[in-house]
Amino acid sequence: MTAFLQRLARNRLAAAGGAMLALIVLVALAVPLLPLQDPNATATAERFARPLSEGHLLGTDHLGRDLLSRLAHGTRLSLAMGFAAALIAAVLGSVLGIVAGFLGGRVDNVIMRGVDMLMGFPYVLLALAIVAALGPGLVNALIAVAAVNVPFFARNIRGVTVALAGREFVDAARLSGMGNLRIMAVEILPNVLPVIVIALTTTTGWMILETAGLSFLGLGSQPPQADLGSMLGEARAALISHPHVAVVPGVMIFLVVMSINLFGDGVRDALDPRLGAGALTRPLPATVVDRPAPPPLREPDPPALLAIDDLRTEFRLGRRVLPAVDGVSLSLGRGEAVGLVGESGSGKSVTALSVMRLVASPPGVIAGGAVRLDGEEVIGAPFEVLRALRGRRVAYVFQDPQATLHPLYRIGDQLAEAIRAHQPMGARAARVRALELLRDVRMPRPEDRIDDYPHQLSGGQRQRVGIAMALANNPDVIIADEPTTALDVTVQAQILALLERLRRERGLSILFITHDFGVVAQLCERLAVMYAGRIVEEGPTAEVLAAPAHPYTRRLIACVPEPGAGRRRLEAIPGLPPRLDALPPGCAFAPRCHRARPDCGAGDIPLRRAGARAVRCLHPETTP
Amino acid sequence: MTSIPALKVEDLRKTFGDRAPLLGRARAGVQAVRGVSFAVAPGETLAIVGESGSGKSTLARMLVGLLPPTAGRIEIEGRALDTADPARFGRLIQYVFQDPAGSLNPRRSVRRILETPLKLLHRMPRAAREKRLAELLAAVSLPADALDRYPHEFSGGQAQRIGIARALAADPRILVLDEPVSALDVSVQAQVLNLLADLQRRMGLTYLFITHDLAVAEAVSDRVMVLYFGAVAELGPAREVFASPAHPYTKLLADSAPVVGRALRAPEAAEAELPDPRHPPAGCAFAGRCPRADALCRAQEPPLEEIGDDRLAACHHPLRE
């Protein structure tokens with residue numbers, strides 16, 4: 001709530017609108033207390049007095065009635081009408097929307113077709129028809145405006161409810177013994193309330209205008225009662241000779257509607273959850289780099305194709321800085337497959353994305369270190385150079401091909417686009433090449449599949465397309481971020497076999513990011529284990545798995561049940577991974593570690609190398 | 001089994017979308033569950049293993065009354081449940097969801113989430129509720145101050161403990177656990193699995209544990225039921241089923257799981273696809289992918305038959321060691 005108010009106050013226009021609205025509403029509420037003249041007292045002798053004349057600050061109308069007093073009473077009535085109409089429309093529309101969206105099926109059909117019919121008429125015509133049927137008068141105008149606006153709420157709320165009705169917490173509520181009515185009131189309503197408030201604040205101004213419109217036509221408030229619309233209507237006859245009589249209510253309508261709209265937009269922006277996640281701030285094409293000079297080139301022992309050197313990537317969220325990757329060094333040789341293993345939040349994916357500066361910025365910032373491809377520094381390179389490398393020499397395969405393939409383009413076209421981004425090639429040639437790629441990834445019946453849309457393929461087939469796209473420009477390095485996690489085991493085995501074959505046949509280097517030791521063991525010669533943004537152990541896969549040196553590695557391997565051992569108790573790691581903004585000093589794993597001693601929390605612990613293996617631990621399980 | 005089974009399911013079926021719409025004619029429905037029968041003894045854990053499209057989630061939702069079955073019979077402790085009414089099922093059988101975050105309403109506090117089944121299913125008075133809430137939190141090892149916090153303040157593993165506590169609040173005899181740890185980190189998975197084992201021992205619960213992970217299935221269960229395309233492929237003691245699978249599909253699953261120390265190979269060709277669920281094939285659903293399939297397999301659906309001591313398989317040519 002405080003965050004909402006802060007966001008609202010930061011929006012100057014909305015704050016100004018809110019202040020103006022508050023002033024108008026306060027005055028309208030205080031009308032009975034103010035020393036105003038009788039708004040309906042006629043004095044024909046003083047008709048059409050100009051503003052600022054004696055006794056009449058804003059002048060008088062065609063019957064000599066005091067305009068200031070009529071304006072105050074009229075504004076009060078118009079606001080009350082508008083707010084009442086908005087509230088009635090919101091309540092009725094939301095109830096219809098929630099019932100239709102939640103119950104679905106026939107109920108939904110009947111309600112929504114009724115709403116559609118209501119929307120089928122131009123709204124002024126509909127309002128006129130309702131007033132014509134019920135007769136002119138304030139209450140009937142109110143009913144008409146509310147009825148006309150019900151569909152807007154019903155449709156909005158139904159859409160949100162449909163998404164919520166399928167959520168598991170609704171099933172859980174049923175299992176807790178709740179009936180439909182109770183679920184709608186207790187589980188659904190609190191979750192659609194922000195949407196109702198947004199719809200309400202953005203439409204109230206509009207409804208004040210509509211009620212004023214009906215009064216202007218003589219169908220709302222009846223003489224001598226004043227509201228803003230009827231004041232404007234009565235002033236129409238004298239518009240040329242005495243314009244001030246029309247200008248006074250006109251300006252007030254403008255101020256009321258404008259302030260409500262500015263305030264309403266502000267409320268909408270402040271309530272919209274997407275803004276909190278930064279969806280409207282479009283990420284930059286490359287991660288921001290803010291680092292001291294890159295570390296000097298150290299010639300690695302076996303010359304590496306891809307060398308990550310002391311990489312530091314942070315997320316800067318306001319005053320908080322989260323060190324997602326904290327000094328990671330890792331090299332990848334030609335034709336080598338290296339596994340980067342860790343749990344969520346360990347920084348393994350951020351490390352992978354930092355290589356081609358793909359971490360979303362803001363909030364991501366590369367705050368130190370270097371990435372070298374064939375000895376050339378990549379992080380500091382101009383964007384044009386980086387773009388030429390992306391996909392051309394370093395390609396990515398992501399976890400969820402459903403999210404990375406465009407749903408509205410055929411897969412053949414998407415492949416062709418990936419090819420032509422880096423190679424000048426005609427559409428026909430690109431299609432031939434796309435077909436070739438689909439064959440390379442063993443897509444069944446590629447000729448039939450090339451014109452399919454992503455949703456027509458199974459999960460495994462989509463991931464084959466994802467890999468084909470990564471292969472499109474014969475890259476040297478493929479960075480695969482959990483490419484099989486979303487797939488069934490039988491499909492996972494196929495995809496892993498495909499990656500292994502591509503590596504053998506083409507000399508591809510693969511950086512494989514995963515949480516699964518079984519997958520790493522089958523595909524990678526070397527592995528690195530990450531915890532809380534740092535590499536804690538590195539070495540040849542077989543050696544690390546056989547004799548893990550870091551207690552975290554050992555316990556993580558022990559957590560994973562292995563087939564063939566029968567029913568048993570699993571070895572759990574107590575506690576939770578640390579939060580990145582509250583890392584303990586020294587070893588981040590120490591609070592969960594059974595081997596921890598006082599010196600583990602004393603200071604920084606270096607990654608100590610011994611031959612092919614390295615471990616960041618003062619009291620390792622084995623001396624590598 | 002001599003005693004009355006905790007749960008007995010006979011020829012349970014579910015077909016989606018075969019009802020005629022308001023205008024137009026009924027189409028062939030999607031056959032998600034095609035005749036499943038099994039029984040679970042009190043205190044037993046039965047693992048249900050299957051890949052996407054195997055019908056395991058549909059089966060689970062029918063068992064707790066969230067979906068009305070198209071045909072078949074569910075019996076809990078000898079009494080038939082014939083209406084799909086979650087409130088009636090709720091006191092006997094409860095459900096733990098895969099995604100702990102999605103199964104907790106973000107706008108309700110933990111207290112209100114856990115209180116609901118106590119109020120609605122057991123009509124418990126306030127004082128008794130307070131006592132029970134404290135017991136529940138202690139049972140899933142959450143601190144007492146968790147009650148007045150909201151779901152987003154918890155990590156995945158803690159949120160899943162809340163999900164388990166909610167299921168336990170109804171005081172059921174049976175828990176259906178639908179992939180309860182697959183959304184969790186590896187190091188947290190083991191904690192939750194051990195917690196479930198402790199609760200089972202202490203409260204004498206019966207578990208149906210749905211998973212796609214064979215190693216997890218073997219580690220937590222007494223028996224395992226392998227589902228393929230909405231029907232039981234194989235059923236038997238967990239260790240034996242994976243050590244010497246009888247159904248070729250079980251063997252394919254066992255061979256596909258990545259295991260430390262086993263060379264990488266694709267156990268089958270890329271063309272393998274599931275059959276069309278609107279028009280299932282005449283014979284064995286797995287025949288299209290099966291290396292042992294012959295004319296009999298393609299013509300006639302194999303029945304689920306006893307092939308050994310407490311082992312069942314639906315295969316015309318089961319594997320023998």
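Side chains included, hydrogens not; waters and symmetry mates left out as well; all remaining heavy atoms used. Naming: A, B, ... by sequence-line order, numbering from 1 per chain.
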* Using a cut-off of 6.0 Å, state whether more than 12 heavy atoms not belonging to B/Arg111 lie near its atom CZ. => yes
* **B/Arg129 atom CZ, neighbour heavy-atom count above 12 within 6.0 Å** => yes
Proximity breakdown for [X] and chain A, heavy-atom pairs closer than 4.5 Å:
X: B/Thr116; answer: both
X: B/Gln158; answer: side chain
X: B/Ala219; answer: both

With a 4.5 Å heavy-atom cut-off (strictly below), which parts of [range] touch chain A? List them by number.
range: residues 100-110 of chain B; value: B/Gly102, B/Ser103, B/Leu104, B/Asn105, B/Pro106, B/Arg107, B/Arg108
range: residues 159-170 of chain B; value: B/Arg166
range: residues 184-199 of chain B; value: B/Asp185, B/Val186, B/Ser187, B/Val188, B/Ala190, B/Gln191, B/Leu193, B/Asn194, B/Asp198

Engaged part of [X] at the chain B interface, taking heavy atoms whose separation is under 4.5 Å:
X: A/Val170; value: neither
X: A/Gln492; value: side chain
X: A/Arg592; value: side chain
X: A/Ala521; value: side chain
X: A/Arg182; value: side chain

* Which members of residues 574-581 of chain A, sorted by number, sit under 4.5 angstrom from chain B on a heavy-atom basis? -> A/Pro574, A/Gly575, A/Leu576
